Structure formats: C-alpha cells, structure tokens
2 protein chains.
Amino acid sequence: MAVRRVTKAQKPAKGRPRSFDRAAALRAAMEVFWQRGYEATSLSDLTGAMGINAPSLYAAFDCKEALFGEALDLYQVTEGAEPQRLLAQGRTAKESFAAMLRFHAGDYVNPQKPPGCMVVLAAIVGAPENKSVRGLMTKTRRSAVEMLAARIRRGITAGDVPKGADAVAMATFYTTLMQGMSIQARDGATKKQLLATVEAAMAAWDGMVGKR
Amino acid sequence: MAVRRVTKAQKPAKGRPRSFDRAAALRAAMEVFWQRGYEATSLSDLTGAMGINAPSLYAAFDCKEALFGEALDLYQVTEGAEPQRLLAQGRTAKESFAAMLRFHAGDYVNPQKPPGCMVVLAAIVGAPENKSVRGLMTKTRRSAVEMLAARIRRGITAGDVPKGADAVAMATFYTTLMQGMSIQARDGATKKQLLATVEAAMAAWDGMVGKR
DNA sequence: CCAATTCTGTAGCAATCGATAAATAAAGCG
DNA sequence: CGCTTTATTTATCGATTGCTACAGAATTGG
C-alpha cells in the first residue's frame with residue numbers, strides 16, 4: 001500500500017518531490033499580502049514568511065502576481081466562507097445582512113489576523129505597472145456587491161423585501177459601508193465602534209426598502 | 001520700486017535663487033501621491049512630475065516623507081476647503097452633513113482629479129519602514145471624524161439635534177461611509193451611484209438621533 | 001543500475017530604489 | 001571686483017527590487 005501524502009492525494013509525480021507544504025506556504029503568503037498589500041510585499045518578505053528560497057517560490061507559484069492571485073482566492077475561500085454562510089442562511093435578507101455585517105465588525109479587528117479586508121486593502125492604489133492587480137481586486141469587489149444584490153433579490157422573491165426595493169443600490173450602500181470599515185479597522189477601531197456603525201446602517205434598512 | 005516675486009513676497013534671499021516654482025512643484029507632487037499613493041510613487045516619478053532634478057527636490061523639501069507631509073497639508077487646505085465650508089455653513093447639522101456628502105459624491109469622481117480622497121487612499125497599507133506615514137494618515141483621518149462630531153455637537157447646542165444623540169458614533173458612521181466611497185470611486189463608481197449611497201445614509205439620520 | 005525529470009540552494013542578474021558628492025552657476029553683500 | 005551663500009546639473013552611491021542561471025540533489029520509470 002502506497003504511503004498517503006499529508007498534503008494531497010495527487011498524481012504520483014515524476015521528479016524530485018517538493019520539500020515544503022505548498023498550502024502552508026500559500027497561507028503564509030496570503031497573510032503577508034493581507035498585512036502589507038501587494039506592492040509593499042517584497043519577494044524576500046514572501047520567501048521569508050513562506051520558509052523557502054526564491055527558485056522554489058517561482059517553481060511552485062510562477063511569479064509574484066500569480067502568487068497574489070492564488071492568495072486572493074485562498075482568502076475568499078477561507079475568510080469569505082463564514083460571511084457567505086451568514087448571508088445565505090438568514091431568515092430574511094435584512095437578518096442576513098445584519099448577521100454578516102456584525103460578523104465583519106468582529107472579524108475585521110480580530111487580533112489574530114491583519115485588520116480589515118484583504119480585498120479592500122491589498123491593492124487600492126499603486127504603480128501603473130500593477131494595474132492588472134488592481135483590476136483583479138476591483139473585479140473581486142464588484143462580484144461581492146453582486147452577491148449582496150442577489151441576496152436582496154432573493155428576499156424580494158421570498159416576500160420579505162418589498163418589490164420596489166433597488167437591490168443594487170442597497171447592496172452598494174452596505175458594501176460601501178463595509179469597505180469603510182476596513183479603513184476604520186486599520187485606524188484601530190474597536191469591535192464596539194464597528195458594531196455601532198453597523199447598527200446605524202441597519203437602522204436605514206426599512207427606509208431604503210420603501211417601508212414607512 | 002522692487003520687482004515683485006510671482007511666488008511670494010518673502011525675504012530677499014541670499015544665495016542663488018530657486019529656479020522653479022516651489023508651490024507649483026508641490027502641487028504636482030500632491031497629484032502624483034494622490035494618484036499612486038506614497039510608496040508606489042518613486043523619486044523619479046516625483047522629479048518627472050515636478051520638472052526638477054533630485055538634488056533640487058531634496059534642497060527644497062528635505063526628503064520623500066517630508067514632501068509627502070507637505071503635499072498632505074496642501075491637499076487638506078485645497079481639497080478640504082469646500083467640504084469644510086459646507087459643513088460649517090449648513091442651517092442644521094443634518095443639512096451640513098448632506099451638503100458635504102453630496103459634494104464628495106461629485107468630487108470623488110471628478111475626472112479632472114485622481115478618484116477618491118488622498119487621505120483615505122495614499123497610505124492605507126505598506127511596508128513596516130513607512131509606518132510613520134501611515135500614522136500621519138490615521139491621525140489626519142481621526143481629526144476629520146472629530147470635525148464632524150464637533151458639527152453635531154454644535155447642532156445639539158443649537159437645538160437642531162436632540163440632546164441624546166451620540167455625536168462621535170454618528171460622525172464615525174458617516175466617516176466610515178465616506179471612506180468607503182473612496183474605494184467605490186477607485187472602482188469606477190458614478191456620481192449618481194455615490195449620490196444614491198449618500199441619500200441612503202442620510203435617510204438614517206433621524207433614526208440615529210433618536211427621532212421616531 | 002542509468003536516464004529522465006523535477007526541485008533546491010547558491011549566487012547573481014539588470015533595473016530601480018531613495019538619496020547624495022562634487023563641480024559649477026547665480027545671486028547678495030562688502 | 002572678490003566673498004559667501006544657495007541652487008543647479010551630472011554622475012553616481014549602496015541597497016533592494018523581481019527574477020533566474022546553474023549545478024547538484026532527490027525522486028520515478030526502465
């Protein structure tokens with residue numbers, strides 16, 4: 001019986017096997033990109049955090065930008081899982097939004113992680129030669145808005161949100177607030193402060209959907 | 001009669017006079033920092049935009065960080081003038097906030113300028129060695145919150161805002177939204193979309209102050 | 001065993017980073 | 001005029017950037 005790989009049950013592989021845990025190295029890279037942003041993270045920052053040398057990084061991840069892309073994917077899958085779950089599982093659209101926003105209020109200032117959201121912070125400005133990275137981030141943020149809008153449309157279908165509600169406008173409003181919360185988190189805001197902001201935004205819900 | 005200097009009516013000066021317009025060079029530097037952020041703006045970006053060589057830049061502005069500090073001051077004085085005026089001159093705190101936010105909705109996507117607010121965007125993440133620059137930005141953002149809170153307190157004193165209103169919490173809420181609007185501006189939001197977000201936030205005002 | 005393949009460490013690539021030394025030019029002052 | 005002071009241009013500085021050539025090590029397949 002063949003020895004089972006710790007990392008993955010992949011194909012047998014031909015040449016010299018990789019001597020490091022690719023997934024763990026990617027997690028380390030994600031953390032550094034999240035903390036410092038794309039451009040301010042140097043290759044030596046990355047190799048240091050990942051515990052490997054540059055040639056190993058390039059062999060496994062191709063280049064800095066591709067590594068960032070993978071790190072962003074990992075971020076969405078791991079850090080995005082819980083908010084997405086909360087968004088989907090709420091009884092109504094309003095309850096879903098409240099649960100998701102309250103979660104972020106705590107998560108953005110979790111001392112175990114870099115503050116704020118990587119998708120908002122890691123590449124918001126930068127040099128012209130890294131435009132493609134910023135484009136990737138913009139695309140990711142836009143898909144997040146769309147996900148929120150879809151939840152509101154679901155609420156309209158289900159009947160817990162009035163027919164006249166503007167799903168995209170509402171999703172944009174709450175997204176904008178969430179994005180601001182990432183800035184606040186970097187400025188040292190507390191969970192309590194972020195929660196107060198969330199509750200203020202949720203108080204606007206009924207007015208936005210048209211209820212009077 | 002002495003020839004009047006174009007730039008300033010300063011002291012006579014001793015050695016060789018500066019051959020460039022310091023104020024114009026600073027404006028150019030501000031624009032580049034605003035567009036690309038602190039770290040992504042290289043010295044050659046700066047000298048190119050300012051139309052001078054590196055030694056002239058260092059003679060006039062000391063170092064990159066000091067130049068950024070001056071650029072940030074200039075930004076606040078120029079770009080901050082109109083929103084501050086609107087904040088001060090509104091009949092009530094609510095009207096002041098609405099006017100300021102509506103102005104920003106247009107200003108953040110003014111095609112004549114870099115999108116969004118320099119104070120929010122130019123140094124939100126980065127390398128550890130530039131922590132002091134981020135600290136300066138955080139300090140600037142905090143003073144902006146305080147300015148909004150002061151306007152609300154003025155409204156409480158004047159009577160247009162109920163006594164029980166939490167000025168800091170309200171100021172934080174609207175600041176958070178404004179900061180998110182800078183992200184939205186970088187993502188290509190339109191004035192119309194930003195205005196819709198502003199109106200949604202303003203609809204929350206009466207609920208926040210305690211009115212029912 | 002050998003050959004083919006893939007990964008790893010060392011060492012270094014050209015380019016750029018922020019910043020400056022040195023020589024010269026242009027002003028005021030005496 | 002010379003002396004002092006300051007700004008200018010040119011030509012770098014050492015350090016770091018993202019990235020890679022190269023040689024050797026470790027694996028599979030034959």
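None of the values given here were measured: they were computed from a predicted structure.
- With A:Tyr75 as reference, A:Trp34 is the one residue of A:Phe68, A:Phe33, A:Trp34 to meet the ring pair (Phe, Tyr, Trp, His ring centres under 6.0 Å) rule.
- Phosphate proximity of D:dT27 to A:Lys14: absent, as no side-chain N or O sits under 4.0 Å from OP1 or OP2.
- Listed by first then second residue, pairs satisfying side chain to side chain donor-acceptor pair (under 3.5 Å) with a partner in residues 145-154 of chain B read B:Ser96-B:Arg151, B:Glu146-B:Arg153, not counting sequence neighbours.
- Both A:Gly15 and B:Ser19 lie close to DNA chain D; mapped to their nearest nucleotides by heavy-atom distance, the more 5′-ward contact belongs to B:Ser19.
- A close approach under 4.0 Å does occur between a side-chain nitrogen or oxygen of B:Ser56 and OP1 or OP2 of D:dT8.
- For the segment residues 29-39 of chain B, the set of residues with a heavy atom within less than 4.0 Å of an atom of DNA chain D is empty.
- Scored by the ring-ring contact (aromatic ring centres under 6.0 Å, His included) test, B:Phe61 finds no partners at all (sequence neighbours excluded).
- The stretch residues 40-49 of chain B touches DNA chain C through B:Thr41, B:Ser42, B:Leu43, B:Ser44, each having a heavy atom within less than 4.0 Å of the strand.
- Scanning for salt bridge (charged side-chain N to carboxylate O under 4.0 Å, His left out) contacts around B:Glu31 gives an empty result, with sequence neighbours left out.
- Residues B:Pro115 and B:Tyr108 form no side-chain contact, since every pair of their non-hydrogen atoms from C-beta on lies 4.5 Å or further apart.
- In this structure, A:Phe173 has no ring-ring contact (aromatic ring centres under 6.0 Å, His included) partners at least two apart in sequence or on a different chain.
- Here the OG1-NZ distance, from B:Thr197 to B:Lys192, works out to 13.0 Å after rounding to the nearest 0.5 Å.
- Residues meeting the salt bridge (charged side-chain N to carboxylate O under 4.0 Å, His left out) test with A:Arg36, sequence neighbours left out: A:Asp45.
- Looking at B:Ser132 and B:Glu65, their side chains do bring a donor and an acceptor atom within 3.5 Å of each other.
- Within the 4.5 Å cutoff, no side-chain heavy atoms of A:Leu194 are placed close to those of A:His104.
- Between B:Ile52 atom CD1 and B:Leu46 atom CG the span is 8.5 Å, to the nearest 0.5 Å.
- The heavy-atom pair separating A:Leu136 from A:Gly69 by the smallest distance is CD2-CA, 4.3 Å.
- Between the CE atom in A:Met208 and the CD1 atom in A:Ile152 there is a gap of 7.5 Å [rounded to 0.5 Å].
- For DNA chain D, none of the residues of residues 126-136 of chain B falls under the heavy-atom distance limit of 4.0 Å.
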Under-3.5 Å N/O pairs linking protein and nucleotides 20-25 of chain D:
from, atom 1, to, atom 2, distance (Å)
D:dA25, N3, A:Arg16, NH1, 3.2

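- Shown here are the salt bridge (charged side-chain N to carboxylate O under 4.0 Å, His left out) partners of B:Lys113, two or more places apart in sequence or in another chain: B:Glu79, B:Asp107.
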Kindly give the atom pairs (protein nitrogen or oxygen, nucleotide nitrogen or oxygen) under 3.5 Å for nucleotides 12-14 of chain C.
none

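- As a whole-Å value, the separation of B:Asn53 CG from C:dA22 C1' is 15 Å.
- Counting to the nearest Å, the P atom of C:dT8 and the CZ atom of A:Arg18 are 7 Å from each other.
- With rounding to the nearest 0.5 angstrom, the CG atom of A:Leu57 is 10.0 Å from the CG atom of A:Asp62.
- To the nearest angstrom, C1' of D:dT8 lies 10 Å from CZ of B:Phe20.
- The distance between atom CG of B:Leu57 and atom P of C:dC17, rounded to the nearest whole Å, is 14 Å.
- In terms of the salt bridge (charged side-chain N to carboxylate O under 4.0 Å, His left out) criterion, A:Lys64 has no residue partners (sequence neighbours excluded).
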